[in-house]
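Heads up: numbering here begins at 1 and tracks the sequence. Counting starts at 1 for both ligands and their atoms, in listed order.
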Amino acid sequence: MMSKNNLIELKELIQASKNIGVVSHINPDGDNLGSLLGLGLSLKSLDKEVYMIKADFIPNDYIFLNGIEELKTFDGKTLDLLFVLDCSDKNRLGLNQNLFDLSTKVVNIDHHISNTIFGDLNFVDNSVSSTGELIYDIIKGLTLPMDKDIAENLYVAISSDTGRFSYENVSSKTHEVIADLYDYSIDAYKLNKKLYQSRSLDRTKLFIEAISNVNFYNNSSIAIVKVTQKMLRKTNAKMEDTEGIVEFLRDTDSVEAAFLLKELSEHEIKVSLRTKSNVDANMICSAFGGGGHTRASGCTIKDTIIKAEELVLMEAKKYMD
Ligand code: AMP
Ligand code: MN
Ligand code: MN
């Protein structure tokens, strides 16, 4: 995947480009933002005009990231080169899909199994832990600048997308990358406190509210938890505060598939699915026009939250023994 030819082609593209964009996806997560800022800050220290472009609002969880203030909506006219990171398909750019028309060349860097290979140049490998790990390989492969700020962003990208280095696609190489990042004097303990020990009280209250209304099905192998607008009002929390709920349920021993249904509005439900051993989350979410990874996928269902619960339950049951 990360072939020498691809890297040479990318090096030439960067050299030939003056205006370079690096864009995030909708509902940006740690891998997306850490990768974007890591690559963006690295390119910025070359003599280039670099636009770090957001596609959506930045969740509070990540405002501590080095360089986050650089993320803006695109205010340029055209781009010679656009990097799309951690995005399985064009739709994941939301309103920023128009960037495809404004850019001469598009580079697609991603690790989703459902990636549609939409770039002029594609660095897509679903066996890799995170887009952050791919960005590390590209920075090293092209001998682009790396410093503490960049290394900290890549650490956040990799740690947050691997459940703190615990998922199947974590390899010895992933750990070697992390070890090398330590050599740039990253403060990993500070980053871990920010990532994993800084939950707001409102979020904890939402967590309790949601979890206490969970439904278990199929001998408790399927868990479905809902977060409604009413719960948000009651706990004073925001939809982004649902982070961590679905993983908590997945970690129950009997659970193979855990669903979180987020009521964005009365007829728009965002689904997050996590699986553990033998159920393909990407396949289930694909049935609803979404996708992602084998163990973590998402989709949107345009129906009520009650109906969405029925629909995902029916789909999941097809894959359970
Ligand atoms: P989430 O449950 O939103 O944290 O997403 C889990 C994984 O599925 C992430 O890697 C997302 O990029 C991917 N994903 C979420 N929603 C969608 C969607 N509607 N279409 C494609 N991929 C998605
Ligand atoms: Mn992502
Ligand atoms: Mn990712």
Side-chain angles (χ1 to χ4, degrees), residues 22-39 54-56 58-59 61-62 65 83-94 97 108-118 123-137 153-165 167-170 174 223-227 239-250 257-262 264 268-275 280-302 308 312:
V22 195
V23 67
S24 77
H25 61 61
I26 50 172
N27 300 317
D29 56 12
D31 188 25
N32 187 220
L33 293 170
S35 296
L36 190 161
L37 292 170
L39 180 62
K54 58 179 178 182
D56 210 342
I58 309 297
D61 301 39
Y62 300 113
L65 290 178
F83 285 92
V84 182
L85 309 180
D86 199 44
C87 264
S88 50
D89 56 79
K90 289 183 172 189
N91 289 334
R92 302 279 297 156
L93 287 196
Q97 277 174 74
N108 168 17
I109 306 175
D110 187 32
H111 68 131
H112 288 92
I113 197 165
S114 53
N115 192 286
T116 57
I117 315 292
F118 54 78
F123 294 86
V124 177
D125 187 345
N126 66 52
S127 72
V128 172
S129 72
S130 52
T131 300
E133 191 173 328
L134 290 169
I135 298 295
Y136 173 91
D137 288 344
N153 276 307
L154 297 184
Y155 179 91
V156 168
I158 299 169
S159 175
S160 63
D161 230 36
T162 55
R164 312 181 204 185
F165 317 113
Y167 297 153
E168 290 173 293
N169 47 13
V170 171
T174 313
I224 303 183
V225 65
K226 301 190 279 298
V227 171
M239 221 26 125
E240 65 179 82
D241 294 322
T242 51
E243 200 68 27
I245 294 178
V246 70
E247 287 81 6
F248 179 83
L249 288 169
R250 173 203 60 199
F259 289 92
L260 165 66
L261 307 183
K262 297 190 275 192
L264 302 184
E268 189 177 9
I269 312 302
K270 174 72 180 66
V271 178
S272 286
L273 171 59
R274 302 293 181 267
T275 63
D280 185 341
N282 177 57
M283 206 128 85
I284 293 176
C285 286
S286 299
F288 302 102
H293 310 281
T294 313
R295 300 278 163 256
S297 287
C299 61
T300 298
I301 295 180
K302 300 265 187 191
V312 298

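Distance alone, capped at 3.5 Å, is enough to place a donor-acceptor pair between the Asn32 side chain and the Leu85 backbone. Side-chain N or O atoms of His111 include one that pairs as donor or acceptor with a backbone N or O of Val128 at under 3.5 Å.
Counting backbone and side-chain atoms alike, His25 contributes an N/O/S atom closer than 2.8 Å to the Mn ion (ligand 2).
Between Leu65 and Gly34, the shortest heavy-atom contact is CD1-N, 4.2 Å.
Of the inter-residue distances, the one linking Ser272 atom OG with Arg250 atom CZ reads 11.5 Å to the nearest 0.5 angstrom.
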* **side chain to side chain donor-acceptor pair (under 3.5 Å) between Asn282 and His112, worked out** => CA-CA 9 Å; Asn282 177 57; His112 288 92; over 6 Å; no
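At a 4.0 Å heavy-atom cut-off, the residues surrounding ligand 1 are Ser88, Arg92, His112, Lys270, Ser272, Arg274, Gly290, Gly291, Gly292, His293, Ala296, Ser297, Gly298, Cys299, listed by chain and number.
Ordered by chain and number, Asp31 OD2, Asp86 OD1, His111 NE2, Asp161 OD2 make up the set of protein N, O or S atoms under 2.8 Å of the Mn ion (ligand 3).
Counted by atom type alone, Thr275 and Arg295 present one or more donor-acceptor pairs between their side chains at under 3.5 Å. Counted by atom type alone, Asp86 and Thr131 present one or more donor-acceptor pairs between their side chains at under 3.5 Å.
The environment of CZ in Phe248 is sparse: at most 12 heavy-atom neighbours from other residues, nucleotides or ligands sit within 6.0 Å.
Of the candidates Ile269, Val246, Leu264, Ile245, Ile245 is the only one forming a side-chain contact (heavy atoms from CB on, under 4.5 Å) with Val227.
The side-chain heavy atoms of Phe118 and Val84, taken from C-beta on, include a pair separated by under 4.5 Å.
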